[in-house]
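Everything below concerns the one structure shown next.
Quick caveat: nothing in here was measured; it's all calculated off a predicted structure.
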Amino acid sequence: MSNKIKKACLAFALTAVVGASFTATACSESKHPEVTISISFNGSNFDIDYTLSRNMYPQTVQHFIELADSGFYNNTIIHNYTSSDWIGGAYNYDDNAETGYAASYSKKMGIYLESNCKEEAYHALVKEGYTNGKFTPSVYSREVYDSKGNPIVKTEDALTTLIGEFSANGHRIEDDKGLKAGLGTLKMVYYEKEQQTVTVKTSYNEILPRDYAYNCATSLFSMQMSSSTAYSETKYCVFGQLKDESAREVFDDLKEAVSDYSKTLTSSSALTTSIETIVDRADPYAEEGGKDIEKTFAIISMPIVITKITVTKR
């Protein structure tokens with residue numbers, strides 16, 4: 001590595017215990033990779049371009065890109081439709097006439113969610129990805145020690161969850177320049193666990209004990225649809241934003257399409273139905289109180305389908 005590149009890497013500083021930095025690998029990649037989230041709704045397609053912040057949230061961005069590269073997000077639905085955030089990344093779309101989304105919506109959507117949950121597939125995919133190098137671990141069940149007594153982690157102890165790169169977990173960006181939760185931003189979402197200790201490996205290669213509650217994100221992410229949100233940047237990693245004005249126009253077009261659809265319904269309550277369901281059934285590490293969590297989703301009657309997420313710049 002040249003002195004010029006070394007200086008550029010060292011110039012990037014984060015004031016954090018769990019921080020984001022340029023490693024040798026990160027320096028060879030873009031600070032701001034880009035993805036296109038392709039969404040289908042009511043017969044129309046919307047391709048929304050996002051810029052991700054690898055320089056500030058390297059492990060979150062890496063995890064999201066690895067899932068996108070694997071095709072994990074293809075043909076999934078926005079399973080929790082709220083006024084402030086649309087949450088997706090956990091359930092397949094199934095349009096089969098008898099057992100699919102539309103049929104289940106008018107009957108028992110809970111059955112649909114249970115049948116199309118991708119949780120087990122997620123854990124299996126990531127675990128296999130650790131062995132073939134397609135996924136990068138950041139959370140471990142324990143630390144061990146090398147011959148000199150230094151703490152290390154081993155791949156066989158890697159959990160299939162993601163380190164939380166936000167201030168409540170000790171991750172702070174210098175001069176408070178980190179991404180803020182705002183209209184159009186992307187966030188990694190998780191179901192907070194009961195207190196349980198894990199070991200994390202930061203992007204500084206520090207080995208530290210941390211609460212599982214803040215290091216248990218899997219594939220879930222949200223698109224913020226208003227100026228306010230329940231998922232602030234202090235406890236949920238905000239890792240991407242709309243690329244430019246053109247992306248914002250497509251984003252607004254999607255919001256308008258959903259609004260127009262709602263106006264065709266006989267009542268506003270016909271747009272969504274509340275479904276109680278159990279999440280994190282397959283969490284291989286969570287103890288009692290950290291799995292089989294009951295959540296209520298607002299399921300939209302006309303599915304918002306993430307047809308694919310494409311990495312356009314690395």
Could you check whether any side-chain N or O of Gln196 sits under 3.5 Å from a backbone N or O of Glu287, counting only pairs where one atom can act as donor and the other as acceptor? yes
Give me the atom names and distance for the closest heavy-atom approach of Ser301 to Tyr261. OG-OH, 3.1 Å
Do Ile78 and Ile87 come within less than 4.5 Å of each other through their side chains, counting heavy atoms only? no
Can you find a pair of side-chain heavy atoms, one from Tyr214 and one from Lys235, that are under 4.5 Å apart? yes
Would a distance-only check, ignoring hydrogens and angles, find a side-chain to backbone donor-acceptor pair under 3.5 Å from Asp211 to Ala213? no
Backbone of Glu206 reached by a side-chain donor or acceptor of Thr202 within 3.5 Å: yes
Would you please test Met56 and Glu174 for side chain to side chain contact (heavy atoms under 4.5 Å, CB included) and show each step? CA-CA 10 Å; Met56 292 185 284; Glu174 187 181 46; over 6 Å; no
Does Thr197 have any side-chain contact (heavy atoms from CB on, under 4.5 Å) partners at least two apart in sequence or in another chain, and if so, which? Pro209
So OH of Tyr50 and CD1 of Ile309: to nearest 0.5 Å the spacing works out to 9.5 Å
Can you confirm whether Leu52 sits close enough to Val35 that some side-chain heavy atom of one is under 4.5 Å from a side-chain heavy atom of the other? yes
With a 4.5 Å cut-off on side-chain heavy atoms, are Phe135 and Val126 touching? yes
Heavy-atom count around Lys127 NZ within 6.0 Å, excluding the residue itself: above 12? yes
Keeping Lys255 on the side-chain end and Met225 on the backbone end, is there a donor-acceptor pair under 3.5 Å? yes
Residue pair Cys216 / Lys193: nearest heavy atoms and the distance that separates them: SG-CG, 3.6 Å
Is Leu242 reachable from Ile37 through a run of I, L, V, M, F, W or Y residues, each pair having side-chain heavy atoms under 4.5 Å apart? yes
Show your working on salt bridge (Lys or Arg N to Asp or Glu O under 4.0 Å) between Lys295 and Glu276 and close with a plain yes or no. CA-CA 6 Å; Lys295 289 290 179 179; Glu276 290 186 358; over 6 Å; no
Are Lys243 and Glu34 close enough for a salt bridge, meaning some N to O gap below 4.0 Å? yes
Please determine if Asp69 and Arg314 form a salt bridge, counting it only when a charged side-chain N lies under 4.0 Å from a carboxylate O. yes
Between Asp283 and Tyr212, do the side chains contain an N or O donor and an N or O acceptor separated by less than 3.5 Å? yes
Arg281, CZ atom: more than 12 neighbouring heavy atoms under 6.0 Å: yes
Which heavy atom of Ser138 sits nearest to which heavy atom of Gln59, and what is that distance? CB-NE2, 3.4 Å
Looking just at side-chain N and O atoms, do Asp47 and Thr36 make a donor-acceptor pair shorter than 3.5 Å? no
Path from Ile299 to Leu265 over hydrophobic side-chain contacts below 4.5 Å: yes
Got Ile207 and Ile152 here, is their nearest side-chain heavy-atom distance under 4.5 Å? no
Closest heavy-atom pair and its distance - Gly240, Leu179: N-CD1, 3.7 Å
Between Lys118 and Phe72, is NZ or CZ placed under 6.0 angstrom from the six-membered ring centre and within 45° of the ring axis? yes
Would you say Tyr191 and Tyr236 are hydrophobically clustered, going by side-chain heavy atoms of ILVMFWY under 4.5 Å? yes
Looking only at atom types and distance, does a side-chain atom of Tyr73 sit under 3.5 Å from a main-chain N or O of Ser219, one as donor and one as acceptor? yes
Go through the steps for Thr272 and Thr82 under the test side chain to side chain contact (heavy atoms under 4.5 Å, CB included), then give the verdict. CA-CA 9 Å; Thr272 62; Thr82 69; over 6 Å; no
Would you say the side-chain atoms of Asn80 pair up with the backbone N or O of Ala298, donor to acceptor, closer than 3.5 Å? yes
Hey, does Val198 have a side-chain heavy atom less than 4.5 Å from the side chain of Ser141? no
Could you check whether Thr229 and Asp85, counting side-chain N and O atoms only, form a donor-acceptor pair closer than 3.5 Å? yes
Under a 3.5 Å threshold, yes or no: a donor from one side chain and an acceptor from the other, between Glu143 and Tyr145? yes
Taking atom NZ of Lys180 as the centre, report whether more than 12 heavy atoms of other residues, nucleotides or ligands fall under 6.0 Å from it. yes
Measure from the side-chain N and O atoms of Arg54 to the backbone N and O of Ser30, and report whether any donor-acceptor pair falls under 3.5 Å. yes
Thr136 and Glu66: side-chain donor and acceptor closer than 3.5 Å? yes
Walk me through it: do Arg248 and Leu183 pass the test side chain to side chain contact (heavy atoms under 4.5 Å, CB included)? CA-CA 10 Å; Arg248 183 168 295 278; Leu183 182 65; 3.4 Å; yes
Atom pair CZ (Phe221) and OG1 (Thr185), whose distance is rounded to the nearest 0.5 Å: 12.0 Å
Whether the side chain of Ser106 engages the backbone of Ala103 through a donor-acceptor N/O pair (distance < 3.5 Å, no angle test) should be reported. yes
Quick check, are the ring centers of Phe166 and His171 under 6.0 angstrom apart? no
Do Tyr140 and Ile163 share a hydrophobic cluster (ILVMFWY, side-chain heavy atoms under 4.5 Å, transitive)? no
Report yes or no: do His32 and Thr51 form a side-chain donor-acceptor pair below 3.5 Å? no
Any side-chain donor paired with an acceptor under 3.5 Å for Asn215 and Asn169? yes
Give a yes or no answer on whether the side chain of Asn75 reaches the backbone of Tyr93 with a donor-acceptor pair at less than 3.5 Å. yes
Can you tell me how far the CG atom of Asn116 sits from the OH atom of Tyr91, to the nearest 0.5 Å? 10.0 Å
Just verifying a value: how many Å separate Ser40 OG and Ile77 CD1, rounded to the nearest 0.5 Å? 13.0 Å
Any side-chain heavy atom of Phe297 sitting closer than 4.5 Å to one from Ser274? no
Just by distance, no angles: are the side chains of Thr60 and Glu165 close enough, under 3.5 Å, to form a donor-acceptor pair? yes
Flag yes if more than 12 heavy atoms outside Tyr231 fall under 6.0 Å of its OH atom; otherwise flag no. no
With a cut-off of 6.0 Å (strictly less than), are more than 12 heavy atoms of other residues, nucleotides or ligands near CD of Glu192? yes
Verify the distance criterion only: is there a donor paired with an acceptor across the side chains of Tyr190 and Thr161 at less than 3.5 Å? no
So, taking the atom named CD in Gln224 and the one named OG in Ser84, what distance separates them when rounded to the nearest 0.5 Å? 7.0 Å
Nearest 0.5 Å, what's the OG1-OH distance between Thr277 and Tyr112? 12.5 Å
So, does Tyr101 use its side chain to make a donor-acceptor pair with the main chain of Met109 at under 3.5 Å? no
Looking at every heavy atom in both Phe41 and Val258, which two are closest together, and how far apart are they? CE2-CA, 3.7 Å
Heavy atoms only: give me the nearest Val139-Leu162 pair and the separation to one decimal. CG2-C, 3.6 Å
Will you find, in the side chains of Ser232 and Thr234, an N or O donor that is under 3.5 Å from an N or O acceptor? yes
Less than 4.5 Å apart, any side-chain heavy atom of Val238 and any of Tyr57? no
